[in-house]
Amino acid sequence: MTAAIIDGKQVAADMRSELKEKVARLKARGVTPGLAVILVGDDPASRSYVTAKEKACADIGMHSADNRLGAETSEAELLALIDAYNADPAIHGILVQLPLPDHIDEDKVLLAVDPDKDVDGFHPVNVGRMVVGQDAFLPCTPHGVVQLLLRSGVELSGAEVVIVGRSNIVGKPLANMLIQKSDTGNATVTVCHTRTKNIAEHTRRADIVVAAAGRPNTVTAEMVKDGAVVIDVGVNRVEDASKKKGYRLVGDVDFEGVSKKARLITPVPGGVGPMTITMLLYNTVLSAEIAICTES
Ligand code: GUN
C-alpha cells in the first residue's frame with residue numbers, strides 16, 4: 001500500500017478561512033480578537049515559531065501584541081507583563097513561548113496566565129477541565145492532530161490509537177482528548193514512552209499511530225501494520241549542507257518506509273505544523289466570542 005498524504009497545509013488553510021470570517025463578524029460587532037505573544041530569549045526555533053504566529057494573526061485580521069524580551073528578563077518582569085495583559089480588554093489570548101530560560105519557573109508563569117486567556121491550554125485549570133470533559137481551551141498541537149484526523153474522515157470511535165511520547169504539550173493531552181466520551185474521542189489509547197518495554201509490540205496493533213517523541217526515526221516501517229494512519233508530530237533539525245540554512249526538518253517517522261505501508265500519513269513539514277498555529281487562532285477567536293457573550 002502507498003499512503004495518501006494528509007495535507008496539513010490545506011486543512012489549516014480551510015480552517016483559517018473559516019476563522020477569517022468569524023473575525024470579520026466579531027469586528028463588525030466592535031471586537032478585534034487580540035493575542036499577546038511573549039518570547040523570552042533568542043532561541044532560533046522559538047523565534048521562527050513566534051514570527052509565524054504573529055503573521056498568522058495578521059493574515060486573518062486579528063490583532064497581535066508582540067513582546068520579544070531579552071534572555072536576561074527576570075521572572076518578576078515576565079509575571080508583571082502577564083498581569084498587565086490579564087487586565088487588558090483588547091487582549092483575548094496570551095501565549096508565552098516555551099521553553100523559557102532556566103532562571104524562570106515555567107510552572108509559575110503558566111499559573112500566572114488568566115485561564116480565560118490561556119489560549120495555549122497549558123494552565124492547570126484548563127488541563128483539569130479538559131480531563132473531566134468540560135469546556136476548555138484545548139492545547140493547540142494535540143487539538144490540531146484531532147482536527148486533522150476528523151477532517152480526513154478517520155474513524156476515531158473504537159479505534160486503537162498508540163501515541164509515542166508523553167509530553168505535557170502533546171502526548172498526555174492528546175491521550176485525554178481521544179478517550180473522551182464524545183464525537184471527537186471514543187478511541188482506545190495507549191501511551192508509550194522511554195520506559196515502555198517493547199514499543200513496536202504496541203504500535204503494530206494500532207489503527208492510528210501518533211509519533212511525538214522528538215527523535216527522528218522513532219517510528220519505522222516494521223513498527224506499523226498495513227493500512228494504519230500515521231501522524232507525525234516531530235519537528236527535528238538535522239544537518240544538511242545542501243540546504244541554504246545548513247539543516248532540514250524531519251519528523252519522528254521514517255516517512256519513506258512507513259508511507260509504503262500506511263493508508264494515510266502526515267508529511268514533515270506540511271502536516272501537523274500548520275495546524276498548531278491554526279488552533280491557536282481558533283482558541284483566540286473563541287476567547288473573543290466568549291468575551292462578547294459575557295459582556296452583553
Ligand atoms: N513550544 C513548543 N510548542 C509550544 C506551544 O504549543 N505553545 C507554546 N507556548 N510554546 C511551545
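Residue numbers start at 1 and run along the sequence shown. In listed order, ligands and their atoms are each counted from 1.
- When only modelled atom types and interatomic distance are considered, Thr51 and Arg68 share a side-chain donor-acceptor pair under 3.5 Å.
- Of the heavy atoms in Leu280, none comes closer than 4.0 Å to ligand 1.
- Of all protein heavy atoms, the one closest to atom 11 (C) of ligand 1 is Gln97 NE2, 3.4 Å.
- The single protein non-hydrogen atom nearest to atom 3 (N) of ligand 1 is Ile169 CD1, 4.1 Å, given as residue, atom name and distance.
- Among all non-hydrogen protein atoms, the one lying nearest atom 7 (N) of ligand 1 is Asp120 OD1, 3.0 Å.
- When non-hydrogen atoms are compared, ligand 1 lies under 4.0 Å from neither the backbone nor the side chain of Tyr49.
- Applying the side-chain hydrogen bond (donor to acceptor under 3.5 Å, both in side chains) test to Arg215 and every residue at least two apart in sequence or in another chain returns nothing.
- Residue-ligand proximity, Val96 to ligand 1, at heavy-atom distances under 4.0 Å covers atoms 8 (C), 9 (N).
- Residues Tyr85 and Asn67 have side chains that bring a donor and an acceptor to within less than 3.5 angstrom of each other.
- In this model, no donor atom of one side chain and acceptor atom of the other lie less than 3.5 Å apart for Gln180 and Ser182.
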Evaluation steps, ring-ring contact (aromatic ring centres under 6.0 Å, His included), between His123 and Phe137: CA-CA 9 Å; His123 192 290; Phe137 288 119; over 10 Å; no

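- Counting heavy atoms closer than 4.0 Å to ligand 1, residue Leu98 contributes atoms from both its backbone and its side chain.
- Here Gln97 contributes atom CD and Lys53 contributes atom NZ; the two are 3.5 Å apart, rounded to the nearest 0.5 Å.
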